[in-house]
Every structure is written in structure tokens, then in C-alpha cells.
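What follows is a set of notes on a single structure, which appears directly below.
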Amino acid sequence: MQLFLSGCKKALPVAIGYLPIGLACGLLLFQAGFSLGQIALMSILVLSGASQFMLAGLVSQGLGTWEIMLILLALHLRSIVLTSTQAAYYQGVSNWQMALLGFAVTDESFAVNMTQLELAHEKPGQTWTYTQALAVNLTSQLAWLVATWLGGLTALWGGLTLPTDILNYVLTAMFIGLLVMQVKTRAQVSLVAFTSILVVTLMVIFDHSLVIVAAALASAYLAFHYLDRRRGVRHE
């Protein structure tokens with residue numbers, strides 16, 4: 001129990017930071033036509049601020065179901081990378097336990113857990129257990145669930161609304177923040193530049209939201225082959 005509580009304490013900054021963003025997300029989802037129950041269920045099953053903000057915008061724009069599913073799937077693929085990275089630190093943990101850890105992972109909770117794992121690796125005698133990592137994820141998820149539901153409730157009872165144009169700025173700011181944390185090498189900068197140019201070019205030619213998915217898949221394919229070639233050179 002002490003381990004779980006220590007993990008909850010480490011997640012408090014993330015939980016506090018989720019409150020204003022979650023409130024805004026809940027407001028926008030309610031405006032897009034989602035009920036309080038649907039907002040809560042989405043925060044449990046999807047648990048992705050970026051996806052939920054984007055969903056509100058895509059629904060408001062009238063996109064089709066399959067288009068929305070493909071866009072959100074591409075956006076969520078990073079969760080596989082996050083969970084597999086953490087799995088390397090918990091070799092003795094069962095598959096269902098890792099599935100539970102991955103189910104509640106977010107970019108922010110992942111960052112907290114990886115920081116603690118790296119500190120535990122550097123300092124002898126210090127550990128960061130699966131229980132603590134799970135506590136971070138679940139605390140973050142609970143905070144997001146409460147915040148988004150309260151946002152929807154505020155829209156229902158208080159009649160508050162947010163301009164739909166705010167989605168453009170919120171999503172852009174969120175992705176820039178995520179991007180800045182990930183880009184650390186010249187190769188990554190080049191990949192970001194290539195993807196940006198590709199998206200703009202395809203949007204000018206086709207003017208369709210699916211070009212974002214196509215550009216993301218193309219960039220991921222190039223990045224994979226680049227890293228694969230680098231590993232091959234190192235082994236030689």
C-alpha cells in the first residue's frame with residue numbers, strides 16, 4: 001500500500017495539470033454532442049487528451065466514422081511504443097499486468113515513470129516498482145476522468161461554451177509541446193521538417209484530412225528504415 005501511495009504522490013503534478021485541460025476538453029466534447037456518460041466512458045477507455053480534443057473537432061467538422069477512427073488510431077499508435085519501453089524494465093511482470101499498465105498510460109505519466117526508472121537505475125538501492133508505476137498511471141487517469149466529466153457538467157448546468165476555433169490553438173499547442181520533448185537529434189529535426197512539408201504539400205493537392213494519416217505513416221516508415229540501417233552499420 002505504501003508503494004502505491006508513493007506512486008500517487010509522484011503523479012500529483014500531472015493530476016493538477018490535467019484539471020484545466022480536462023475541463024476544457026469536457027466542455028468541447030459536450031458542445032460536440034457527447035453526453036456526460038459518453039464523456040466519462042471515453043476518458044476511461046480512450047484516455048488521451050490529444051485524441052479527445054481531436055475527436056471533438058472532427059465530429060464538429062462532420063467527418064465520417066471511418067475517417068475519425070483512422071486518424072485516432074494513427075494518433076494512438078505511440079501508446080504501443082510507450083508501453084513496450086516500460087516493459088523492458090519489468091521483465092518479471094505478467095502480460096495482463098503490462099496490459100493494465102499500458103491501458104492507462106499517457107505521455108505525461110510515461111514521462112514521470114521513466115524519470116523515476118532512470119533515477120532508480122543511476123542510484124544504488126533505489127527502486128521504482130510496477131506498483132508505483134501503475135499508481136502513477138491510475139492517478140493520472142482518475143484526474144483526467146474527473147476533469148473532463150466536470151467540464152461536461154459545467155457546460156450542461158452552467159451553459160458555458162468555448163469557441164470551436166479554440167480547438168485549432170489547443171491541439172497545435174499540445175502537439176508542439178509533445179514534439180519539443182521528443183526531438184533531440186538532427187535526424188529527428190529533419191524528420192519533423194519532412195513530415196511538415198509533406199503534410200502541407202498533400203493538403204494543397206488533395207485537401208483531405210486523411211493526408212495527415214498518410215504523411216504520418218510515410219514518416220514512420222522512413223524513420224524505421226533509417227534506424228534499421230544505423231543498427232546494421234553499428235553491428236558491422
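What you are looking at is a predicted structure, and each value in this text was computed from that prediction instead of being measured.
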Please find the pair of heavy atoms, one from Val199 and one from Ala215, that lie closest to each other, and give the distance. CG2-CB, 3.4 Å
From Leu45 CG over to Gln38 CD, what is the distance, rounded to the nearest 0.5 angstrom? 12.0 Å
Quick one: closest heavy-atom pair of Leu28 and Phe53, and the distance? CD1-CE2, 3.6 Å
For Thr148 and Leu145, the nearest pair of non-hydrogen atoms, with its separation, is OG1-O, 3.1 Å
Between Leu119 and Thr115, does the side chain to side chain contact (heavy atoms under 4.5 Å, CB included) criterion hold? Intermediate values first, please. CA-CA 6 Å; Leu119 288 173; Thr115 299; 4.3 Å; yes
With a 4.5 Å cut-off on side-chain heavy-atom distances among I, L, V, M, F, W and Y, is there a chain of contacts connecting Phe194 to Phe206? yes
What distance separates Lys9 NZ from Thr139 OG1, expressed to the nearest 0.5 Å? 12.0 Å
If you look at every heavy atom in Ala104 and Gln141, which pair is closest and at what distance? CB-OE1, 3.9 Å
In this structure, would Val200 and Met203 fall into the same cluster of hydrophobic residues linked by side-chain contacts under 4.5 Å? no
For residues Leu117 and Tyr90, determine if any side-chain heavy atom of one lies less than 4.5 Å from a side-chain heavy atom of the other. yes
Please examine the side chains of Leu202 and Leu198, heavy atoms only from C-beta on, and report whether any two atoms are closer than 4.5 Å. yes
Using only heavy-atom distances, determine whether the side chains of Gln52 and Ser43 contain a donor-acceptor pair under 3.5 Å. yes
Same cluster or not: are Trp157 and Leu36 linked, directly or through other Ile, Leu, Val, Met, Phe, Trp or Tyr residues, by side-chain heavy atoms under 4.5 angstrom apart? yes
Under 3.5 Å side-chain donor-acceptor pair for Thr106 and Tyr18: yes
Within the 4.5 Å heavy-atom criterion, are Met42 and Ile39 side-chain neighbours or not? no
Heavy-atom check, side chain of Thr85 versus side chain of Phe110, under 4.5 Å: yes
Test side chain to side chain donor-acceptor pair (under 3.5 Å) applied to Gln132 and Thr129, step by step: CA-CA 5 Å; Gln132 290 169 304; Thr129 65; 3.2 Å; yes
Does any part of the side chain of Leu19, heavy atoms only, come nearer than 4.5 Å to the side chain of Leu150, both counted from C-beta? no
Rounded to the nearest 0.5 Å, the CG atom of Leu82 sits from the CG atom of Asn137 at a distance of 10.0 Å
How long is the span from the CD1 atom in Ile68 to the OG atom in Ser51, to the nearest 0.5 Å? 12.0 Å
Take Leu138 and Leu142 through the side chain to side chain contact (heavy atoms under 4.5 Å, CB included) test and state the conclusion after the steps. CA-CA 6 Å; Leu138 293 179; Leu142 179 61; over 6 Å; no
Find the distance between CH2 (Trp149) and CG (Leu29) and round it off to the nearest 0.5 Å. 14.5 Å
Is there side-chain contact between Trp144 and Ile21, with heavy atoms separated by less than 4.5 Å? yes
ILVMFWY cluster, Leu217 and Leu191 together (side-chain gap under 4.5 Å): no
Leu3, Met114: one ILVMFWY side-chain cluster at the under-4.5 Å cut-off? no
Cut-off 3.5 Å, side chains only: do Ser109 and Ser140 have a donor facing an acceptor? no
With a 4.5 Å heavy-atom cut-off, do Trp128 and Val136 have their side chains touching? yes
Side chain to side chain, Leu55 and Phe34, heavy atoms closer than 4.5 Å: yes
Heavy atoms only: give me the nearest Gly102-Thr83 pair and the separation to one decimal. CA-OG1, 3.3 Å
Taking all heavy atoms of Pro20 and all of Ile16, pick out the closest pair and write down the distance. CD-O, 3.4 Å
When rounded to the nearest 0.5 angstrom, what is the spacing between CG in Leu100 and CG in Leu134? 5.0 Å
Would you tell me whether Gln97 and Ser94 have side-chain atoms, one donor and one acceptor, within less than 3.5 Å of each other? yes
